[in-house]
Amino acid sequence: MIDPKLLRQATQDVAKNLARRGAGGEFDADGYLQLEERRKALQVETEALRNERNTSSKNVGKAKAQGEDIEPLLAAVKDLGQKLAAAEEFLKAVQAELQGIELGLPNLLMDDVPDGDDESANAEVRRWGEAGKFEFEPRDHIELGGNLGMLDFDAASRMSGSRFAVMQGGLARLQRALAQFMLDTHTQEHGYLESYVPYLVQAHALVGTSQLPKFEEDLFKTTGETPFYLIPTAEVSLKNLAREQILEADTLPMRLAALTPCFRSEAGSYGQDTRGMIRQHQFEKVELVQLVMAGQSEAALEELTGHAEVVLQRLELPYRVVSLCAGDIGFAATKTYDIEVWLPGQQKYREISSCSNCTDFQARRMKARVRNPDTGKPELIHTLNGSGVAAGRALIAVMENYQQADGSIRVPEVLLPYMGGMDVIAAD
RNA sequence: GGAGAGAUGGCUGAGUGGUCGAAAGCGCUCCCCUGCUAAGGGAGUAAGGGCUUAUACCCCUUCGAGGGUUCGAAUCCCUCUCUCUCCGCCA
């Protein structure tokens, strides 16, 4: 949520910033200001009425204590209650309407976010590694996995439908090895606290991280009296650890990491990446989260992105980092770097990590604060997150980049300790 | 699933209809005292919002959540949620 104070004091500036997002940034500034005018009038009126009622009631109490006749006092406040109730109802409605608007507005963009409508306008920041030269025609992961007999989409679809995969044998182990390696790297070298967190959360947690109310269709939801949502990313669970907390300053920056499955309904992505494991309803991901003091989030974004890059560097996977343009950047982010890994089978760079600075946008929704040691006052923290990285996509990248002419897959050096002596994944 | 107990400020914990946003303690901040340290004395210390140039004053809200009774609710009534203990079941 954008700071409501900013929203009403610098409405046109906010509108201008949001407009950079194109389709996602619609904001009826005039309508908002009108509504805000009504809110102000109603709130002032309501609070004045409440003040009157409170004072009167106290006088009743005093009079009663002194044994005076309270009947005239009671008569004086008789119709106050009704007026107050009516005012409160109006105010509540206007506030709800305002909040609805506020919850639907995306975060303000940082100035250095490039202009543009879609991913074609994303700006490449840097490249690492040499996009694979093969002495043979590289296969994609679908063919590789199928030939190995370790990747089965048919079996998955028979029980679960499309966008699921079954992996077995060396491939299943390779994914586990990747996840372990990533988690170890981040916890042992980058200072992240390994965390096991709920995979099912309630709506308010998702409102906090801003998947709700706007993006409900992307989520899986359970039935029952209190519905649960399956987390689309561990970002939700990790960030909500700070929900409704006033953290001590010396606990920041807080670096949190978790390996979890992620569940996405992929509504609206019909026809995109229907083949293979790129876009699944369920996938494993190591997520990195940082909770920092305001003012430190810009540096933290660079750092966190670097942490994700280390994983790809150790795996010797070529990648590039792009800064997402205004039209492509996520709802909660003020700035996002995507890390795209080279996939020889597609001859393309594909997203494997997305690292975002969400400033105080989510913290405001979650009421996640820190006590500023200088002022003694609570202030909103800044939240950041990034994949470190998506295990399913890392598996694809390893398969395609480490494939050999005979269709076997070499195990990357850094994964050997996790593979129980297996250095090549080959068909039986 | 059954029975019982509970939910109050950063923490512990008192408070059963009216100057209670809330005793006391801990913690924290500042001051005093004392060679240092320890101990001691004093003062201050909830959050959110409104108004506002203002982090000043003033006002409103909040004692798990939501309803209700009342001129007035932390306190009474109803519903819900969560936590703890015991039993049952279970990985």
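The chains referred to below are lettered A, B, ... by the order of the sequence lines, with proteins before strands, and numbering in each begins at 1. Computation of the quantities below employed the complete heavy-atom set of this structure, encompassing side-chain atoms and omitting hydrogens, waters and symmetry-equivalent molecules. Predicted model only: the values in this text are computed from it and were never measured.
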Give the B/S/- string for nucleotides 54-63 of chain B, one per nucleotide from 5' to 3', where a protein heavy atom under 4.0 Å of the base yields B, of only the sugar-phosphate yields S, and otherwise -.
-> -----BSS--
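Pairs engaging residues 410-427 of chain A under the side-chain hydrogen bond (donor to acceptor under 3.5 Å, both in side chains) rule: A/D184-A/Y418 [sequence neighbours left out]. Within the structure, the ring-ring contact (aromatic ring centres under 6.0 Å, His included) test picks out the following pairs touching residues 12-67 of chain A (sequence neighbours left out): A/F27-A/Y32. Under the side-chain hydrogen bond (donor to acceptor under 3.5 Å, both in side chains) criterion, the residue pairs touching residues 282-298 of chain A are A/Y192-A/Q290, A/T233-A/K285, A/K285-A/E287, A/E287-A/N385, A/Q290-A/E303, A/S297-A/N357, A/S297-A/H382, with sequence neighbours excluded. Sorted by first and then second residue, the ring-ring contact (aromatic ring centres under 6.0 Å, His included) pairs with a member in residues 64-116 of chain A form an empty list; sequence neighbours excluded. Among residue pairs with one or both ends in residues 93-114 of chain A, those qualifying as salt bridge (Lys or Arg N to Asp or Glu O under 4.0 Å) are A/D112-A/K335; sequence neighbours excluded.
Note on A/R8: every side-chain N or O is 4.0 Å or more away from OP1 and OP2 of B/rU52. A close approach under 4.0 Å does not occur between any side-chain nitrogen or oxygen of A/R369 and OP1 or OP2 of B/rG10.
With sequence neighbours left out, A/E143 forms a side chain to side chain contact (heavy atoms under 4.5 Å, CB included) with A/R139, A/D140, A/N147. Evaluation of the side chain to side chain donor-acceptor pair (under 3.5 Å) rule for A/R20 yields A/D115 as partners, not counting sequence neighbours. For A/E189, the side chain to side chain contact (heavy atoms under 4.5 Å, CB included) criterion is met by A/T185, A/R314, not counting sequence neighbours. Under the rule for a ring-ring contact (aromatic ring centres under 6.0 Å, His included), A/F283 has no partner lying at least two apart in sequence or in another chain.
Distance check on atom P: B/rG10 versus B/rG64 gives 13 Å, rounded to whole Å. B/rC33 sits 14 Å from B/rA38 when the C1' atoms are compared, rounded to a whole Å.
In secondary-structure terms, RNA chain B builds stems of at least 3 consecutive Watson-Crick or G-U pairs, each pair having both distances under 3.5 Å, at B:1-7 with B:81-87, B:10-12 with B:24-26, B:27-32 with B:40-45, B:46-50 with B:58-62, B:64-68 with B:76-80.
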Distances under 3.5 Å only, N/O to N/O: pair up the protein atoms with those of nucleotides 18-20 of chain B.
{"from": "B/rG18", "atom 1": "O6", "to": "A/K64", "atom 2": "NZ", "distance (Å)": "3.0"}
{"from": "B/rG18", "atom 1": "N2", "to": "A/S57", "atom 2": "O", "distance (Å)": "2.8"}

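Residues A/V411 and A/V424 form no side-chain contact, since every pair of their non-hydrogen atoms from C-beta on lies 4.5 Å or further apart.
Using a 4.0 Å heavy-atom cutoff across all strands shown, A/K83 reaches no nucleic acid atom at all.
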